[in-house]
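Right, one structure below, let's go through it.
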Amino acid sequence: MPRSKRNTVVALTQTSKKDKAVKGQLIENIREQADVFSYVWVFDVEHMRTVILQEVRTAWKGSKIFMGRNAVMRKALGATVEDECRLGAHKIANALEGNIGILFTNEEPSVVTEWFESFKKDDFARSGNVVDEDFILPTGPIMLGEDPAPHSLDPQFRKLGLVTSMVRGVPTLNAPHTVCKKGDTLNANQVQLLKLFLKPLATFQIKPKLCVRLADGETVHGDA
């Protein structure tokens with residue numbers, strides 16, 4: 001009988017060597033780009049979505065975007081004046097906190113800030129997201145867009161907390177139902193209801209925070 005892969009033991013030394021190699025490659029790549037480009041930015045990402053980030057990478061294919069472990073990127077850049085890979089890189093390294101990425105580019109700072117200010121993509125919120133507006137379903141037939149909800153969805157509505165009755169074959173609310181309020185941290189049921197009613201309450205956006213000109217280490221955007 002063939003040996004089950006589920007019972008295969010992977011030596012910790014193998015996984016640690018692989019992790020070390022990946023970290024080493026990231027450090028090397030970041031330092032290589034620091035030698036090539038004129039500016040390095042650190043940016044925040046709100047409501048991260050991999051597919052949308054790929055759109056950004058495609059639009060900025062003449063530049064380089066890195067998102068990885070902050071500690072590894074910090075090491076690559078150098079967190080002190082003595083260790084920095086290029087002038088001013090330590091300023092970026094010390095700003096790497098939270099859901100952060102770095103951008104190497106030759107585009108002028110005004111071009112970067114204007115482009116990212118205009119690039120926003122609405123998407124459905126996820127569990128744990130905090131919403132900034134109310135969403136309330138009114139009394140009466142439940143509508144999905146311009147059409148009444150099909151009767152087949154009634155069990156799902158009930159499972160998600162809606163109190164419904166069937167009126168002429170249409171799931172109907174006898175009282176308004178608050179799906180979420182401004183400031184709520186969404187749970188799984190709220191997320192599903194927002195998707196059912198095509199209500200995107202999250203916006204993917206990259207916010208440039210700090211930019212350093214690598215030729216002289218000067219901060220050209222943000223506070224060092």
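The first residue of the sequence shown is numbered 1, and numbering continues consecutively from there. Just so it is clear, the structure is predicted and the values come from calculations on it, not from any experiment.
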request  = Mark yes when over 12 heavy atoms from residues, nucleotides or ligands other than Arg57 sit less than 6.0 Å from its CZ; otherwise mark no.
outcome  = yes

query = Can you name the nearest heavy-atom pair linking Asn189 to Lys159, along with the distance?
reply = ND2-O, 4.1 Å

Just distance, no hydrogens or angles: give the donor-acceptor pairs under 3.5 Å from side chains in residues 31-43, sequence neighbours left out.
residue, atom, partner, partner atom, Å
Arg31, NE, Ala76, O, 2.9
Arg31, NH2, Lys75, O, 3.1
Ser38, OG, Asn106, OD1, 3.0
Tyr39, OH, Glu108, OE1, 3.2
Tyr39, OH, Glu108, OE2, 3.4

Donor-acceptor pair, side chain of Asp184 and main chain of Leu186, under 3.5 angstrom = no

remark   = Rounded to the nearest 0.5 Å, the NE2 atom of His151 sits from the CD1 atom of Ile142 at a distance of 14.0 Å

query = What residues, two or more places apart in sequence or in another chain, satisfy side-chain hydrogen bond (donor to acceptor under 3.5 Å, both in side chains) together with Glu46?
reply = Lys207

remark   = One should read off an interatomic distance between Cys211 SG and Glu218 CD, to the nearest 0.5 angstrom, of 11.5 Å

query = Do Ile65 and Val56 have side chains that get closer than 4.5 Å, going by heavy atoms?
reply = yes

query = Which heavy-atom pair separates Ile52 from Phe204 by the least distance, and what is that distance?
reply = CG2-CD2, 3.4 Å

remark   = Closest non-hydrogen contact found for Ala89 with Leu77 is CB-O, 3.6 Å

query = Would a 4.5 Å heavy-atom cut-off, applied to side chains only, mark Leu137 and Met143 as touching?
reply = no

inquiry  = side-chain contact (heavy atoms from CB on, under 4.5 Å), that's the test. Do Asp154 and Met166 meet it? Break it down for me.
reply    = CA-CA 8 Å; Asp154 192 57; Met166 296 295 293; 3.8 Å; yes

message = Using a 3.5 Å distance criterion without hydrogens, assess whether the side chain of Gln190 forms a donor-acceptor pair with backbone atoms of Asn187.
response = yes

task = Using the rule that two of Ile, Leu, Val, Met, Phe, Trp, Tyr join whenever any of their side-chain heavy atoms come within less than 4.5 Å, decide whether Leu160 and Leu144 are in one cluster.
result = yes

ask   = Is there a donor-acceptor contact under 3.5 Å from the side chain of Glu84 to the main chain of Gly88?
value = yes

ask   = Just wondering, do Met67 and Met48 contact through their side chains at under 4.5 Å, heavy atoms?
value = yes

ask   = Just by distance, with hydrogens left out, do Thr219 and Lys91 show a side-chain donor and acceptor under 3.5 Å apart?
value = yes

query = Are Arg49 and Gln54 close enough that some pair of their side-chain heavy atoms sits under 4.5 Å apart?
reply = no

message = Quick check: closest heavy atoms across Thr164 and Arg158, and the distance to 0.1 Å?
response = O-NH2, 2.7 Å

For residues 173-180, please give each side-chain donor-acceptor pair under 3.5 Å, one per line with the distance, not counting sequence neighbours.
none

message = Would a single hydrophobic cluster contain both Phe135 and Val130, if residues Ile, Leu, Val, Met, Phe, Trp and Tyr are joined by side-chain heavy-atom contacts under 4.5 Å?
response = no

ask   = Are His47 and Lys121 side-chain neighbours, meaning at least one heavy-atom pair lies under 4.5 Å?
value = no

query = From Cys85 SG over to Ile30 CD1, what is the distance, rounded to the nearest 0.5 angstrom?
reply = 8.5 Å

request  = Indicate yes or no: at least one non-hydrogen side-chain atom of Val131 is less than 4.5 angstrom from one of Lys182.
outcome  = no

ask   = Are the side chains of Leu201 and Asn129 in touch, meaning some heavy atoms are under 4.5 Å apart?
value = no

Separation between NZ of Lys199 and CG of Leu194, rounded to the nearest 0.5 Å = 8.5 Å

remark   = In terms of heavy-atom contacts, Gly68 and Leu26 come closest through CA-CD2, 4.4 Å

message = Between Thr80 and His90, is there a side-chain heavy-atom distance shorter than 4.5 Å?
response = no

request  = Could you go through the side-chain contact (heavy atoms from CB on, under 4.5 Å) check for Glu107 and Trp115 one step at a time?
outcome  = CA-CA 11 Å; Glu107 297 288 351; Trp115 192 90; over 6 Å; no

ask   = Say you draw a straight line from CZ of Phe157 to CD of Gln192; how long is it, rounded to the nearest 0.5 Å?
value = 12.0 Å

query = Hey, any chance Val191 and Phe197 share a hydrophobic cluster, counting ILVMFWY side chains that come within less than 4.5 Å of each other, even indirectly?
reply = yes

ask   = When the ring centroid of Trp60 is compared with that of Phe116, is the distance short of 6.0 Å?
value = yes

inquiry  = Looking at Val170, is its backbone amide N or carbonyl O close enough to the side chain of Thr172 to form a donor-acceptor pair, meaning the two atoms are under 3.5 Å apart?
reply    = yes

query = What closest approach, in Å, do Ala79 and Ala93 show between heavy atoms, and which atom pair accounts for it?
reply = CA-CB, 4.0 Å

ask   = Ignoring hydrogens and geometry, is there a side-chain-to-backbone donor-acceptor pair from Asp122 to Pro200 under 3.5 Å?
value = no

ask   = Could you go step by step and tell me if Thr105 and Val111 meet the side-chain contact (heavy atoms from CB on, under 4.5 Å) rule?
value = CA-CA 11 Å; Thr105 186; Val111 174; over 6 Å; no

Interatomic distance, Ile206 atom CD1 to Asp44 atom CG [nearest 0.5 angstrom] = 10.0 Å

key: Single-linkage hydrophobic cluster Ile27~Phe104, side-chain heavy atoms < 4.5 angstrom   = yes

ask   = Linking I/L/V/M/F/W/Y whenever their side-chain heavy atoms sit closer than 4.5 Å, directly or via other members, would Phe124 and Leu153 fall into one cluster?
value = no

